[in-house]
Amino acid sequence: LRDSMARRDERFADEYRFVHPDGGVHWMAAVGRFFYDDAGQAVRMTGVVQDITARKEAEARQRIEAERNRLLAQAAEQLLTTSD
């Protein structure tokens, strides 16, 4: 946030990972907007924060599945080329 304000950005967006004391991992997405006065100082910020843990978990599962499929295809290709 400080970097965005220093650059006088109007809008910001970022994602954050929180590790709870019990070890659980939660992801949050923040989007918002800064408002500046005539001197260029940030005077107000509005925005929302949303829990995106389910999306991040789905993306991780998708990456794992894609890698598994890539390895299976590679193994199948090796089997086919060695059996010829």
Side-chain angles (χ1 to χ4, degrees):
L1 290 175
R2 285 186 202 140
D3 290 343
S4 290
M5 283 190 290
R7 290 188 306 265
R8 303 295 186 254
D9 294 343
E10 249 189 57
R11 300 192 184 280
F12 72 91
D14 210 351
E15 294 180 353
Y16 307 93
R17 181 176 69 111
F18 294 91
V19 180
H20 287 219
D22 67 0
V25 176
H26 298 269
W27 285 88
M28 306 299 264
V31 295
R33 180 176 178 190
F34 292 107
F35 295 87
Y36 300 92
D37 62 16
D38 292 338
Q41 296 297 312
V43 293
R44 187 171 48 139
M45 182 178 87
T46 62
V48 296
V49 176
Q50 181 179 15
D51 186 334
I52 58 168
T53 303
R55 185 188 88 198
K56 288 291 194 175
E57 289 171 348
E59 289 170 353
R61 286 191 303 273
Q62 193 174 37
R63 281 191 303 275
I64 291 167
E65 185 68 19
E67 178 64 8
R68 186 177 80 85
N69 289 339
R70 186 190 69 75
L71 292 171
L72 285 171
Q74 184 180 22
E77 184 177 330
Q78 287 176 353
L79 283 173
L80 290 174
T81 57
T82 58
S83 65
D84 289 341

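- Shown here is Arg44, whose CZ atom has no more than 12 heavy atoms of other residues, nucleotides or ligands within 6.0 Å.
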Check the pair Leu71 / Gln74 against side chain to side chain contact (heavy atoms under 4.5 Å, CB included), numbers first and verdict last. CA-CA 5 Å; Leu71 292 171; Gln74 184 180 22; 3.7 Å; yes

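- How far OG1 of Thr46 is from CZ of Arg11: 8.5 Å, rounded to the nearest 0.5 Å.
- For Asp22, the CG atom sits in a packed shell: over 12 heavy atoms of surrounding residues, nucleotides or ligands are nearer than 6.0 Å.
- More than 12 heavy atoms of other shown residues, nucleotides or ligands fall within 6.0 angstrom of atom CZ in Arg70.
- Hydrophobic clustering keeps Tyr16 apart from Val25 (ILVMFWY residues linked when any side-chain heavy atoms are closer than 4.5 Å, directly or through intermediates).
- Side-chain contact between Arg55 and Gln50 is absent, with no heavy-atom pair separated by less than 4.5 Å.
- Taking every heavy atom of both residues into account, Arg7 and Asp9 meet most closely at NH2-OD2, 2.9 Å.
- Nearest heavy-atom pair, Asp51 versus Met28, reported as atom, atom and distance to 0.1 Å: CA-SD, 3.4 Å.
- The minimum heavy-atom distance linking Gly40 with Arg8 is given by the pair O-NE, 2.6 Å.
- Every pair passing ring-ring contact (aromatic ring centres under 6.0 Å, His included) that includes a residue from residues 25-62 is listed here, sequence neighbours excluded: Phe12-Phe34, His20-His26.
- Residues Lys56 and Glu15 form a side-chain contact, since some pair of their non-hydrogen atoms from C-beta on lies under 4.5 Å apart.
- Residue-environment remark: CD (Glu65) exceeds the threshold of 12 foreign heavy atoms within 6.0 Å.
- Taking the charged nitrogens against the carboxylate oxygens, Arg63 and Glu67 have no contact shorter than 4.0 Å, which rules out a salt bridge.
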